[in-house]
Enquirer: 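Have a look at this one.
Residue numbering restarts at 1 for every chain, and letters A, B, ... go by the order of the sequence lines. Because the structure is a prediction, the values reported are computed rather than measured.
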Amino acid sequence: MVPRRILCLSALLCSLLLTGNAMAQTQNVASVKLPHLQKYLNSKSDTTYVINFWATWCKPCIEELPNFEALQKQSAGKPIQVVLVSMDFAKDLEKKVVPFVNRHKLQSTVFLLDEPDQNAWIDLIDPSWSGAIPATLFVNNSRKQRFFIEKPITLAQLQEYITSKFPQNP
Amino acid sequence: MKKPYYLLLLLSVFTLLGTSAYKAADGGYQVGDTASDFKLKNVNGQLVSLRDQKEAKGYIVTFTCNTCPYAKLYEDRLIQLHRKYAAKGYPVIAINPNDVTASPGDSYAQMQKRASDKKFPFVYLYDESQEVAKRYGATRTPHVYILTKSGQDLKVSYIGAIDDNSGDPEKVQKRYVEAALDNLLSGKAVPQTSTKAIGCTIKWRNNS
């Protein structure tokens, strides 16, 4: 009998290796439901999640995506994770989202949130969110830090929010 | 019996006035606020004010545009809403607040073209200064404000989405705007006075 913990750990390692590998070539974008997003929202780990809501049809969103990619790159080795949540319709996943993600070689975590009844979950992300995109939530539950912005963000602003509101060694 | 009611009414009027003044500064209207009228140019060149439409019981004021895929997905549903409710006293008043520099597809000429291509049965107004959108607190397209006439005032009765499925009209479960209007028309309270939905952010002028 292999202890359960070791099994879990090796499964995790394998999946990490696999994702790392897939990311080097083409990124497979999953269509997910709310609980998948809530794993990030409710995570207890000391990681600052930068969760950006975007869509391939949203011009200001696409314009700011390189900023998030740059932040992710700069944050290598740090407990900061960019998560790009596509608001595209599920039926456009293969036709629009996957080609977009691969054409732009996005390296951050990307998935499509397939929850058409948006009124049911927008407030869970942040009560101040009207639903306009782009919108970005910074969350680190272990530090009880949370910051939401319903506007396009520059790389300088991203860095400033991270350093001022989510300092690594407070 | 009469006096307390009167006092209560007076109190609620003051509360309302208080909140509306406060909320306007705070970024737009909330349900229950008194909305102000405007004068905007329609695609036919005429200036339109809400008070011009004397027979209306209220309005389905909708911030929308030519370019946002979500707004486009709702064009046909807006036409249906107007067809169904204009005769009952609630016409659709479509307003395009997007800045033409940020979004060239939302120019007045493009609005005229879209209105004629889609044969909009409702007015399609150009909020060139973006002041109406700012005053109302609109943030995205489409963004609906149902206004109800109450004496000389216009009361905000509903703010939010048209229904619960932008992508697929066939799969709509909850028709928020229709539910609000049906209740208003039968003199009942609106069950859900505000909802949220994903939409395109309004393209604000750069210096604003």
Side-chain angles (χ1 to χ4, degrees), chain A residues 31-34 37 51-65 84-97 100 111-137 148-154 157, chain B residues 26-30 63 65 67-73 97-99 101-106 133 136-145 158-177 179 192-204 206 208:
Chain A
S31 167
V32 304
K33 292 289 180 187
L34 191 61
L37 175 59
I51 306 174
N52 170 252
F53 296 86
W54 69 289
T56 59
W57 47 259
C58 165
K59 199 169 143 235
C61 303
I62 289 170
E63 284 167 358
E64 69 169 3
L65 278 181
L84 304 174
V85 185
S86 160
M87 297 280 99
D88 286 86
F89 297 122
K91 64 178 168 62
D92 293 331
L93 178 67
E94 297 301 328
K95 207 167 55 191
K96 292 182 182 160
V97 184
F100 180 93
F111 51 78
L112 182 149
L113 182 66
D114 178 24
E115 289 286 2
D117 183 6
Q118 297 143 358
N119 185 56
W121 56 265
I122 285 177
D123 278 345
L124 296 178
I125 311 301
D126 197 275
S128 74
W129 188 14
S130 82
I133 55 171
T136 303
L137 174 71
F148 177 80
I149 179 165
E150 184 175 331
K151 256 190 222 167
I153 306 183
T154 64
Q157 284 170 326
Chain B
D26 197 26
Y29 296 140
Q30 303 286 312
F63 294 91
C65 69
T67 49
C68 170
Y70 272 66
K72 285 199 247 182
L73 282 163
N98 276 352
D99 176 53
T101 312
S103 182
D106 286 307
Y136 275 63
T139 57
R140 58 175 195 272
T141 54
H143 202 159
V144 175
Y145 290 73
Y158 172 84
I159 301 177
I162 292 165
D163 57 42
D164 69 349
N165 197 317
S166 330
D168 192 348
E170 306 281 306
K171 289 193 183 141
V172 168
Q173 307 268 326
K174 289 170 251 171
R175 298 173 201 281
Y176 304 123
V177 164
Q192 200 167 3
T193 53
S194 74
T195 58
K196 291 181 173 183
I198 296 298
C200 305
T201 185
I202 289 176
K203 306 301 180 292
W204 301 106
N206 242 342
S208 62

Enquirer: Tell me, out of B:Asp164, B:Ile198, B:Thr141, who's got the most heavy-atom pairs with chain A below 4.5 Å.
Expert: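 Maximum pair count with chain A is reached by B:Ile198.
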Enquirer: Could you grab the distance from atom CD1 of A:Ile133 to atom OG1 of B:Thr139, nearest 0.5 Å is fine?
Expert: 11.5 Å
Enquirer: About how many Å separate CG of B:Asp168 and NZ of A:Lys91, when rounded to the nearest 0.5 Å?
Expert: 8.0 Å
Enquirer: Kindly compute the distance separating OH (B:Tyr70) from CD (A:Gln118), expressed to the nearest 0.5 Å.
Expert: 4.5 Å
Enquirer: Under a 4.5 Å cutoff for heavy-atom pairs, which residue among B:Pro69, B:Ser194, B:Gly137 has the most contacts with chain A?
Expert: B:Pro69
Enquirer: For the side chain of B:Lys196 and the backbone of A:Asp123, is there at least one donor-acceptor N/O pair under 3.5 Å apart?
Expert: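 Checking the backbone N and O of A:Asp123 against the side chain of B:Lys196, no donor-acceptor pair under 3.5 Å is found.
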Enquirer: Report the option among A:Asn119, A:Asp117, A:Asp92, A:Ile122 that has the most heavy-atom pairs separated by less than 4.5 Å from atoms of chain B.
Expert: A:Asn119
Enquirer: Heavy-atom count around B:Lys171 NZ within 6.0 Å, excluding the residue itself: above 12?
Expert: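 It does not: B:Lys171 NZ has 12 such atoms or fewer within range.
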Enquirer: Let me know if B:Gln173 has heavy atoms under 4.5 Å from chain A in its side chain, its backbone, both or neither.
Expert: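 The answer is neither part of B:Gln173.
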Enquirer: Mind ranking B:Cys200, B:Ala197, B:Ala102 by heavy-atom pairs under 4.5 Å with chain A and telling me who comes out on top?
Expert: B:Ala197
Enquirer: What do you reckon, is NZ of A:Lys33 surrounded by more than 12 foreign heavy atoms closer than 6.0 Å?
Expert: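 Buried by this count: over 12 neighbours within 6.0 Å.
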Enquirer: Report the distance from atom CZ of A:Phe89 to atom CG of B:Leu73, rounding to the nearest 0.5 Å.
Expert: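 Rounded to the nearest 0.5 Å, the CZ-CG separation comes out at 5.0 Å.
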Enquirer: Please classify the contact between A:Trp121 and chain B as side chain, backbone, both or neither, with a heavy-atom cut-off of under 4.5 Å.
Expert: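 For A:Trp121, the contact with chain B is made by the side chain alone.
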Enquirer: A:Lys59 versus chain B, heavy atoms under 4.5 Å apart: side chain, backbone, both or neither?
Expert: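 For A:Lys59, the contact with chain B is made by the side chain alone.
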Enquirer: Taking all atoms of both residues into account, what is the closest heavy-atom pair of B:Lys203 and A:Pro60, and its distance?
Expert: CE-CD, 3.9 Å
